[in-house]
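Reminder, nothing fancy here: chain letters follow the sequence lines and each chain counts from 1. Worth knowing before you read on, the calculation uses all heavy atoms, side chains too, and leaves out hydrogens, waters and symmetry mates.
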Protein chains: 2
Amino acid sequence: MASTRRPRRPGEADRPPNGTSAGRPTSRDVARQASVSQATVSLVLGGKWQGRVSPRTAETVRTAARELGYRPNLAARSLRLGRTRTALLVVPALTHDYFARVHAGASHVAEEHDFGVVLYPSPAGTGPAVDPFGSARAALDGVIASSMAADALAALGEGGLPLVMLDTDPDSDRAAATVNLDIADGMRQAAGHLLGLGHRRLAHLAAAVDTWTFRERARALTDTVAEIPEASVRTEASALDIEDALRAATRALTACPRPTALVCDDDLLAAGACKAARRLGLRVPEDVSVTGFDDLSLATALEPELTTVRLPAEEVGAAGMRALLATLEGRAADAPVLPVRLVRRGSTAAPSATDAPGS
Amino acid sequence: MASTRRPRRPGEADRPPNGTSAGRPTSRDVARQASVSQATVSLVLGGKWQGRVSPRTAETVRTAARELGYRPNLAARSLRLGRTRTALLVVPALTHDYFARVHAGASHVAEEHDFGVVLYPSPAGTGPAVDPFGSARAALDGVIASSMAADALAALGEGGLPLVMLDTDPDSDRAAATVNLDIADGMRQAAGHLLGLGHRRLAHLAAAVDTWTFRERARALTDTVAEIPEASVRTEASALDIEDALRAATRALTACPRPTALVCDDDLLAAGACKAARRLGLRVPEDVSVTGFDDLSLATALEPELTTVRLPAEEVGAAGMRALLATLEGRAADAPVLPVRLVRRGSTAAPSATDAPGS
DNA sequence: CTGAAAGCGCTAACAC
DNA sequence: GTGTTAGCGCTTTCAG
């Protein structure tokens, strides 16, 4: 009779009538098994039993937990704690090596702090993320966003969660913290390297993506070239894929006079550029030098290997996670600007005599 | 007085004494705002109000929710429901294009079913996953594991969660369901293509990774070559990275007599092979043909583009997610074996006359 | 058609 | 040193 009045507990039908639960064991089951209270179980397993629970009891609890194969229910813990120890990492694409490495760096730091990272590859690339909070079905403590366009961040700002931005306009004020790369310096190094080699007619294979990081690359290149009067740079825009890069590079290399060096916004574009050169019967680096950016694994898969700007992707991810952790703890996060480094490989050389200035 | 006896609710200090909550709005806040009960809010927002709540009331509730910027607390929902609508996807590495695409496919299907996917890149590569359930801090409904070694799956089996295995030994019985690729057929196509072109001395650049997928490749290659009496294949093992592939391919190409074709277990290895060939002064495909496997984006980044076996990675991920969903709903999941296809590109050609059989 | 109430599994304040 | 208890926010009976 009484049972007809009592609301049925969810999953009740799945449970046997006796006291032992059939499903996943709960802390209650552990408590019963160890003949202690649930609170004691929580204390012991939470590692805060020192001076509150006798070592003997603690050991009993741990044994019981092990025997039952107990795993705490994270949903319940999150609900109780109001925090989930989970961060969302929003990236434009996963197929791009760089972001995979950012993720690795962030995960590593997260793990050290018993945090989790869930990835949200924004379906719209660098564009507005549709609904990261709904789709990433996890309950979140904070968000880290990498290389996103400004309007994409607007959507992220709506979440009401602490936001750390990576490789994004440092003047934006949406974020609680930022981690940046010295993109401009990287481009200066690349351009300086080519100019130093004697190149004067450069072409810029520019990524047709409207984000801070690419605007920065364009600006730095223009500025660096402008310092040498005889030097010039033309720009060809390309989508961030090999095929389009091939087309853009072909346009650049069939211009008259032909540039002696191609400065590419990304290793992917550089790969397209090498392909284009080869198809036009030009040798890299003898006839045309090519530089990339990012130092993806692709850079050393090519022959010759790419001279490119190495970005410390893992470090970026790690610093991002550290900044988020700091923010979450109410500490001020520093806003590092990480240095980048030109890696000289086989795809660049001095221009050949016939192409040299003055000829 | 009473308040001293009552335990402090967590976060209570953060709340103003008045009725309005300061933190994230809860369904209670929405109910209050709409002057209805919490139950009504749940019904309306859960989309199951048809015939139970008046349209007028429903609209009021939705408006209130929108005004307050209400987002349901997923931890609470998970706790109540006992399910989280979240799957764990375990992959050996994220930097490998193939897995990024598997993830994309799985996420896409997940999203359609209002599911989330959290990625766990097994730190040990294809080896035993350390503790995916702890590190992926989300509460999970099921696990999808791709291309893992058998012992790695043992650890996953411990979770007590439904497990779907992708690209793994179909005879293993740990999984609730499997999704496989017709790897053997792919390798048969690749080898058949080379044999048909007239190649008789093949070398196999084999991935030194002990998983089903690579054992299958080796077996199928051996079998196919065995069908042609004059044909032979030597094997060089290589780690799954460019540098080691370069070394292995160099060994293969400096053997006497030199093989006329390199069959590689992975596009990454094929890239290393091309690099090795070029460094030895050999032209691809004139002097040596190279085939890859997977059809990574790398395959078309190279010049010449790789002839390779295209794996429908997205489809694998999607089928895996569908299988998990089916299992979760108690339906029988089918165990598809997805077809693969050889993509002929520029890295293969008939052996040159001097290398041809009989010369 | 709407509201009241219970309880998912966990943690932490407090009582003993 | 250990147990009792309340309650996180949500969904879902059941009563009205």
Side-chain angles (χ1 to χ4, degrees), chain A residues 2-15 21 23-32 34-58 60-61 65 70-85 139, chain B residues 2-15 21 23-32 34-58 60-61 65 70-85 139:
Chain A
S3 73
T4 55
R5 310 190 63 117
R6 195 171 51 79
R8 232 172 64 82
R9 314 199 330 274
E12 184 169 12
D14 306 334
R15 298 193 165 229
S21 126
R24 214 166 118 183
T26 73
S27 69
R28 232 170 111 125
D29 297 321
V30 176
R32 210 171 357 233
S35 312
V36 296
S37 80
Q38 215 184 348
T40 306
V41 173
S42 179
L43 249 28
V44 173
L45 266 30
K48 21 189 110 170
W49 56 279
Q50 307 286 8
R52 293 200 263 182
V53 176
S54 76
R56 241 178 103 323
T57 312
T60 316
V61 168
Y70 171 72
R71 312 193 129 278
N73 180 319
L74 292 171
R77 178 183 299 192
S78 296
L79 177 57
R80 175 69 237 233
L81 260 24
R83 289 157 301 116
T84 59
R85 304 191 78 76
Chain B
S3 73
T4 54
R5 310 189 63 116
R6 197 170 50 77
R8 228 173 66 83
R9 313 203 326 278
E12 183 169 15
D14 306 333
R15 298 192 167 231
S21 128
R24 210 166 122 185
T26 73
S27 69
R28 234 170 109 121
D29 297 321
V30 176
R32 209 170 359 234
S35 310
V36 296
S37 80
Q38 212 184 352
T40 308
V41 172
S42 179
L43 249 28
V44 172
L45 267 30
K48 23 189 107 173
W49 56 279
Q50 306 286 8
R52 294 201 264 182
V53 175
S54 74
R56 242 177 103 322
T57 311
T60 317
V61 169
Y70 170 72
R71 308 194 131 280
N73 180 320
L74 292 171
R77 180 185 302 206
S78 296
L79 179 56
R80 174 68 234 234
L81 261 25
R83 289 158 300 117
T84 58
R85 304 193 77 76

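A search for side-chain contact (heavy atoms from CB on, under 4.5 Å) contacts involving A/Ser35 returns nothing, not counting sequence neighbours. For the side-chain hydrogen bond (donor to acceptor under 3.5 Å, both in side chains) test, no residue two or more places apart in sequence or in another chain qualifies with A/Ser42. By the side-chain hydrogen bond (donor to acceptor under 3.5 Å, both in side chains) test, B/Thr60 pairs with no residue at all, sequence neighbours left out. Under the side-chain contact (heavy atoms from CB on, under 4.5 Å) criterion, A/Ala39 pairs with A/Ser37, not counting sequence neighbours.
In this structure, A/Arg24 contributes its side chain and A/Pro72 its backbone to a donor-acceptor pair below 3.5 Å.
In this structure, A/Arg77 reaches the C/dT11 phosphate: one of its side-chain N or O atoms is under 4.0 Å from OP1 or OP2. Taking side-chain N and O atoms only, A/Lys48 has no distance below 4.0 Å to OP1 or OP2 of C/dT11.
One atom, CZ of A/Arg52, and another, P of D/dG1, lie 11 Å apart when rounded to the nearest Å. In this structure, A/Leu43 atom CG and D/dT4 atom C1' are separated by 14 Å, rounded to whole Å. Nucleotide C/dC8 holds its C1' atom 16 Å from the CG atom of A/Leu81, rounded to whole Å. B/Arg28 has its CZ atom 10 Å from the C1' atom of D/dG9, to the nearest Å. We find that CG of B/Leu79 is positioned 8 Å from C1' of C/dC10, with the value rounded to whole Å. D/dG3 atom P lies 14 Å from atom CZ of A/Arg32, rounded to whole Å. Atom CZ in B/Arg80 sits about 10 Å away from atom P in C/dG7, given to the nearest Å. Atom CZ of B/Arg83 and atom P of D/dT12 are 8 Å apart (whole Å).
In the set C/dG9, D/dC10, C/dA12, D/dC10 carries the atom at the smallest distance from any side-chain atom of B/Thr26. In this structure, of C/dC10, C/dT2, D/dT2, it is C/dC10 that holds the atom nearest to the side chain of A/Asn73. Among the nucleotides D/dT12, D/dG1, D/dC10, the one closest to any side-chain atom of A/Ser54 is D/dG1. Taking only side-chain atoms of B/Ala76, from C-beta outward, the nucleotide of C/dT2, D/dC10, C/dC10 with the closest atom is D/dC10. With C/dA6, C/dC10, D/dT2 as the candidates, the nucleotide lying closest to the side chain of A/Thr57 is D/dT2.
For the helix from C/dC1-D/dG16 to C/dC16-D/dG1, the end axes, each set by the C1' atoms of five terminal pairs, are bent relative to each other by 50° (nearest 10°).
Here A/Asn73 contributes atom CG and B/Leu79 contributes atom CG; the two are 6.0 Å apart, rounded to the nearest 0.5 Å. The structure places OG of B/Ser27 at 15.0 Å from CZ of B/Arg71, a figure rounded to the nearest 0.5 Å. The distance from the CZ atom of A/Arg85 to the CG atom of A/Leu74 is 11.5 Å, given to the nearest 0.5 Å.
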Next on the checklist: Using side-chain contact (heavy atoms from CB on, under 4.5 Å), reason through B/Val61 and B/Leu45 one step at a time and then give a plain yes or no.
Outcome noted: CA-CA 8 Å; B/Val61 169; B/Leu45 267 30; 3.9 Å; yes

Next on the checklist: For B/Val44 and B/Thr57: C-alpha separation, side-chain torsions, deciding distance, then whether side-chain contact (heavy atoms from CB on, under 4.5 Å) applies.
Outcome noted: CA-CA 9 Å; B/Val44 172; B/Thr57 311; 5.9 Å; no

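Within a heavy-atom distance below 4.0 Å of DNA chain C, the residues of residues 35-42 of chain A found are A/Gln38, A/Ala39, A/Ser42.
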